[in-house]
Each structure stands twice: as structure tokens, then as C-alpha cells.
Amino acid sequence: MPTSLCVVSDSAPARHSIHEVDCRVTAHEWVNGQYRLLTLSAPRSVLDCQPGQFFHLLCPQTDRFHPYLRRPMSIYSYDREKGELAFLYKFAGEGTGALACLEIGDVLNIVGPLGKGFEIRLEWRRPLLIARGVGLATLAPLAQECARLKLPLTAICSARAPDLLMSTDLFRSFGAEVITVTDAEGNSDAESLMPLIEGLIRSRGIDAFFTCGSARLMRMLQEIGARHGIGGQVALEQHMACGIGMCQACVRPFRHEDGAVNLRVCREGPVFDLQEVL
């Protein structure tokens with residue numbers, strides 16, 4: 001399994017080594033009608049990961065799919081002892097369609113780990129995780145880290161329908177109290193979620209929010225957090241070309257003390273302070 005070090009060309013201090021490696025597919029299965037779980041055999045060099053980081057995957061060329069650029073994919077799980085790395089993704093377009101063609105034994109080239117992951121601050125003792133769809137994949141390693149730190153965890157898992165809910169059993173295995181909401185049941189909108197979260201703040205003492213993917217959920221948490229003085233973090237999804245900060249394709253504005261600044265999601269993120277995102 002060859003490994004090489006990628007050099008980041010800007011002046012930002014390196015937080016970890018970034019490697020390009022060829023990994024062999026050890027499992028690849030449907031989780032439900034839309035999402036697949038891809039498991040790779042990976043060297044320890046790329047398993048020095050943090051929850052919230054991502055890899056850049058070189059999707060294969062097939063007769064049907066011809067993806068041009070790598071695809072950023074958040075880490076669903078990593079196990080240093082077993083040498084495993086897993087990604088949960090939605091079959092949605094050219095790149096993920098090509099990924100879906102991978103079979104056990106095939107080789108996939110990946111670059112990573114990339115970006116800045118989640119940070120659980122010492123003052124955050126009762127976190128709430130909330131996301132929907134594939135955003136739940138990004139929060140799975142964070143739930144595992146909360147379990148390692150023995151933090152009481154609450155997770156709100158959202159989806160369009162009950163059969164599309166994901167990660168609920170995984171979160172429960174980490175000791176989390178899991179609450180499910182769906183569009184089909186009519187309890188996943190902001191009008192339903194806001195009083196639910198307000199109630200959790202009162203009854204569970206929630207003091208930190210973590211989310212990913214949904215701009216609607218992020219805006220709601222920003223509003224609730226500002227009202228109650230509760231901090232948190234969000235992992236952003238953004239179109240990327242290089243994944244290491246050189247191409248500037250993922251730049252977006254953020255709120256800082258001196259006004260708005262433009263930052264690269266792949267390099268300064270993808271995890272940011274919840275209240276900084278504009």
C-alpha cells in the first residue's frame with residue numbers, strides 16, 4: 001500500500017501529516033435505498049484522524065461515470081487497531097455513482113486526513129448533536145469521542161422518512177439518547193424542533209450544539225444558541241477542487257470581530273464556530 005506525503009503550499013501551520021494512499025475495499029453495502037457504506041483497509045499513516053475531518057477520494061472511471069475531480073468525503077468511522085476507514089455517502093451524481101461501482105478487493109486512492117475537525121471544549125459537558133441525511137455521517141466520530149470522554153450525549157436524527165433515518169443504532173451504542181424526527185411525521189421543521197431543543201436545554205442542561213450539512217438546522221441553532229448563550233460548532237459542506245486550500249474554490253464569508261472575512265472551508269474548516277458562519 002504505497003504512501004506519500006502531500007505538501008501544502010501556503011503558510012498555514014501544518015496540524016497533521018497529509019498522505020496520498022491506495023486503499024483496498026473490504027466492504028461496500030447499501031444502508032438503505034439511498035445511502036451506501038464504504039469500508040477500506042487503510043494504513044496507520046492516514047488514521048491519525050479527528051472527528052469532522054475529511055478525505056479527498058479519487059473516484060474510479062467507469063463505462064457510465066467519468067468524474068473529473070476528486071470528491072471530498074467526511075469520515076464516518078476510523079479504527080487504528082483494525083486499520084479501517086469508512087465513508088457513508090448518498091448515491092447522487094457522477095462521483096458517488098462511480099464510487100458505488102467499487103467492489104470488494106478494488107483499490108481506491110485517497111488523500112487525507114484533511115481539514116480542521118471538531119473540538120470539544122472543557123466547558124462543554126452536555127452536548128447535543130443534530131443533523132439529517134448524510135450530515136449524520138460526519139457526526140458519528142464525534143459521538144464516539146463524546147463516549148470516550150464519558151459525556152452524556154443527546155442526538156437528534158432527522159430524515160425525510162423513518163426508513164431513511166441513519167446512525168441511530170450507532171449513536172445508541174455510544175450511550176447517546178437518540179431522538180428521531182422526520183418530514184413524513186411532521187416533526188422535523190423548525191417550529192417543532194425549536195421547542196424540543198428548548199425543552200432539552202431545561203431538562204438535560206444542554207450546553208453545546210454540534211451540527212452538519214443542513215443550513216436550516218444551522219440557522220435555527222444559531223438563533224437558539226444566541227438566545228441562551230450556548231456555543232457550538234458546525235461542519236460545512238462545500239464544493240471543493242483541490243481539498244488543501246490552493247484553488248480557493250471553497251471560499252465563503254465568516255463573521256469575525258473586525259467584520260466579515262473570507263475563509264477556505266477545506267483548509268480553515270470544514271469545522272467552524274457555530275456563530276461565525278454567515
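Along the sequence shown, the residues carry numbers beginning at 1. What you see below is based on every heavy atom in this structure, not just the backbone, and it leaves out hydrogens, waters and symmetry mates.
- Scanning for salt bridge (Lys or Arg N to Asp or Glu O under 4.0 Å) contacts around D106 gives an empty result, with sequence neighbours left out.
- Taking the side chain as every heavy atom from C-beta outward, P270 and Q238 never approach each other to under 4.5 Å.
- The number of heavy-atom neighbours closer than 6.0 Å to CD of E103, taken from other residues, nucleotides and ligands shown, is 12 or below.
- If you chain together hydrophobic residues whose side chains sit under 4.5 Å apart, V178 and L196 never meet in one group.
- For F54 against P72, the heavy-atom pair with the smallest separation is CD1-CB, 3.9 Å.
- Side chain of R255 to backbone of Q275: a donor-acceptor contact under 3.5 angstrom is found.
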Let me see the working for E237 and C212 under side chain to side chain contact (heavy atoms under 4.5 Å, CB included), right down to the final yes or no.
CA-CA 8 Å; E237 296 177 343; C212 174; 4.2 Å; yes

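- Closest of all the heavy-atom pairs between L165 and V181 is CD2-O, 4.1 Å.
- One N or O on the side chain of E268 and one on the backbone of R264 form a donor-acceptor pair closer than 3.5 Å.
- Looking only at side-chain heavy atoms (C-beta outward), F118 and T138 come within less than 4.5 Å of each other.
- Minimum interatomic distance between R132 and S214 (heavy atoms only, all atoms of both residues): CG-CB, 4.2 Å.
- The side-chain heavy atoms of D169 and R172, taken from C-beta on, include a pair separated by under 4.5 Å.
- Side-chain atoms of R36 come within 3.5 Å of backbone N or O of A100 as a donor-acceptor pair.
- From H56, atom NE2 reaches atom CE of M73 across 9.5 Å, with rounding to the nearest 0.5 Å.
- Using bins of under 30°, 30° to 60° and over 60° for the plane-to-plane angle, the ring pair Y89/H28 lands in the tilted bin.
- Y35 is linked by a side-chain hydrogen bond (donor to acceptor under 3.5 Å, both in side chains) to nothing, counting only residues two or more places apart in sequence or in another chain.
- Across A161 and A184, no two heavy atoms sit closer than the pair CA-CB, 4.2 Å.
- The backbone N or O of G133 lies less than 3.5 Å from no partner atom in the side chain of R160, so there is not a single donor-acceptor pair.
- R126 places no side-chain N or O within donor-acceptor distance of the main-chain N or O of P152, the cut-off being under 3.5 Å.
- Taking both residues in full, the closest heavy atoms of F174 and A147 are given as O-CB, 3.4 Å, listed atom of the first, atom of the second, then distance.
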One pair to check against ring pair (Phe, Tyr, Trp, His ring centres under 6.0 Å): W124 and F210. What are the steps and the verdict?
CA-CA 11 Å; W124 292 344; F210 295 92; 5.6 Å; yes

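- Counting heavy atoms from C-beta outward, R24 and V107 have side chains that approach closer than 4.5 Å.
- A donor-acceptor pair under 3.5 Å links the side-chain atoms of Q222 to the main chain of L274, judged by distance alone.
- A salt bridge links R227 to E223: at least one charged side-chain nitrogen sits closer than 4.0 Å to a carboxylate oxygen.
- Side-chain atoms of P127 and L153, non-hydrogen and from C-beta on, do get closer than 4.5 Å to each other.
- Looking at heavy atoms from C-beta onward, V25 lies in side-chain contact with L40 at the 4.5 angstrom threshold.
- Within the 4.5 Å cutoff, the side chain of I201 has heavy atoms near those of the F209 side chain.
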Evaluation steps, side chain to side chain contact (heavy atoms under 4.5 Å, CB included), between L85 and C23:
CA-CA 9 Å; L85 179 66; C23 297; 5.5 Å; no

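- Between the side chain of Q34 and the main chain of L164, no donor-acceptor pair closer than 3.5 Å is present.
- For the side chain to side chain contact (heavy atoms under 4.5 Å, CB included) test with D22, the passing option among L58, L108, I110, N109 is N109; the others fail.
- Expressed to the nearest 0.5 Å, how far CE of M218 lies from OG1 of T211 amounts to 8.5 Å.
- By the criterion of side-chain heavy atoms lying less than 4.5 angstrom apart, applied directly or through intervening Ile, Leu, Val, Met, Phe, Trp or Tyr residues, L142 is not grouped with I197; the two fall into different hydrophobic clusters.
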Quick one: do E198 and H228 satisfy side chain to side chain contact (heavy atoms under 4.5 Å, CB included)? Show the steps, please.
CA-CA 9 Å; E198 299 267 5; H228 291 274; 2.5 Å; yes

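- With E94 contributing its side chain and F65 its backbone, the two residues share no donor-acceptor pair below 3.5 Å.
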Pair C146, I120 - check side chain to side chain contact (heavy atoms under 4.5 Å, CB included), show working.
CA-CA 8 Å; C146 288; I120 303 177; 3.8 Å; yes

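- Judged purely by atom type and a 3.5 angstrom limit, D207 has no side-chain atom pairing as donor or acceptor with the backbone of I230.
- I130 places a side-chain heavy atom less than 4.5 Å from the side chain of M220.
- A donor-acceptor pair under 3.5 Å is absent between the side-chain atoms of S167 and the main chain of L170, judged by distance alone.
- Here the closest non-hydrogen pair linking F87 and S74 is CD2-O, 3.3 Å.
- Considering CG of L37 and CG of N32, their distance stands at 11.0 Å, rounded to 0.5 Å.
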